[in-house]
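Basis for what follows: all heavy atoms, side chains included, without hydrogens, waters or symmetry-related copies.
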Amino acid sequence: MNDTLEKLSQVLEARKQADPASSYVAGLYDKGLDTILKKIGEEATETVIAAKDENMPQVIYETADLWFHTMVMLAHLGAGPGDVLAELERRFGLSGIKEKAGREQK
């Protein structure tokens with residue numbers, strides 16, 4: 001893996017200080033969490049449609065949009081890709097069935 005997610009995370013953090021009129025991401029932050037979440041829902045739906053059509057170039061494009069907007073949400077909430085990667089690392093080697101059962105018991 002390369003450091004693209006970390007570089008993007010740094011840009012997203014910097015956009016928190018940008019003028020909403022000058023930056024798409026700053027505009028999302030300014031509009032708030034509900035707007036960011038709506039974008040994630042929109043991008044998730046577009047990803048599902050592309051996958052259902054088995055249109056691989058569109059699947060990749062829409063997945064990139066989905067990841068991007070998810071990272072905007074994480075940054076808005078004070079988290080980043082490192083937090084998600086740490087959770088994935090925690091789950092590595094753990095049975096999905098056991099992991100899910102552990103979540104249901106909490």
Check for a donor-acceptor pair, side chain of [X] on one end and backbone N or O of [Y] on the other, with a separation under 3.5 Å.
X   : Y   : result
S9  : L5  : no
Y29 : L12 : yes
S23 : P20 : no

Aromatic ring pairing F68/Y24, orientation class (parallel under 30°, perpendicular over 60°, tilted between): parallel
In the structure I gave you, are the side-chain heavy atoms of [X] and [Y] within less than 4.5 Å of one another anywhere?
X   : Y   : result
I36 : H69 : no
L74 : V84 : yes
Q58 : D53 : no
V25 : V11 : no

Kindly compute the distance separating [atom1] ([X]) from [atom2] ([Y]), expressed to the nearest 0.5 Å.
X   : Y   : atom1 : atom2 : result
N55 : I60 : CG    : CD1   : 10.0 Å
E43 : L66 : CD    : CG    : 7.0 Å
K39 : D34 : NZ    : CG    : 15.0 Å
M73 : L33 : CE    : CG    : 8.0 Å
K31 : K38 : NZ    : NZ    : 10.5 Å

Would you please name every residue forming a salt bridge (charged side-chain N to carboxylate O under 4.0 Å, His left out) with K7, sequence neighbours left out? D3
Can you tell me which residue among Q17, R15, K16, Q10 is in a side-chain hydrogen bond (donor to acceptor under 3.5 Å, both in side chains) with E13?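 In the set Q17, R15, K16, Q10, the residue that makes a side-chain hydrogen bond (donor to acceptor under 3.5 Å, both in side chains) with E13 is K16.
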Does one hydrophobic cluster hold both L85 and L77, with members joined at side-chain heavy-atom distances below 4.5 Å?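 L85 clusters together with L77.
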Answer yes or no: is there an ion pair linking E87 with R91, defined by an N-O contact shorter than 4.0 Å? yes
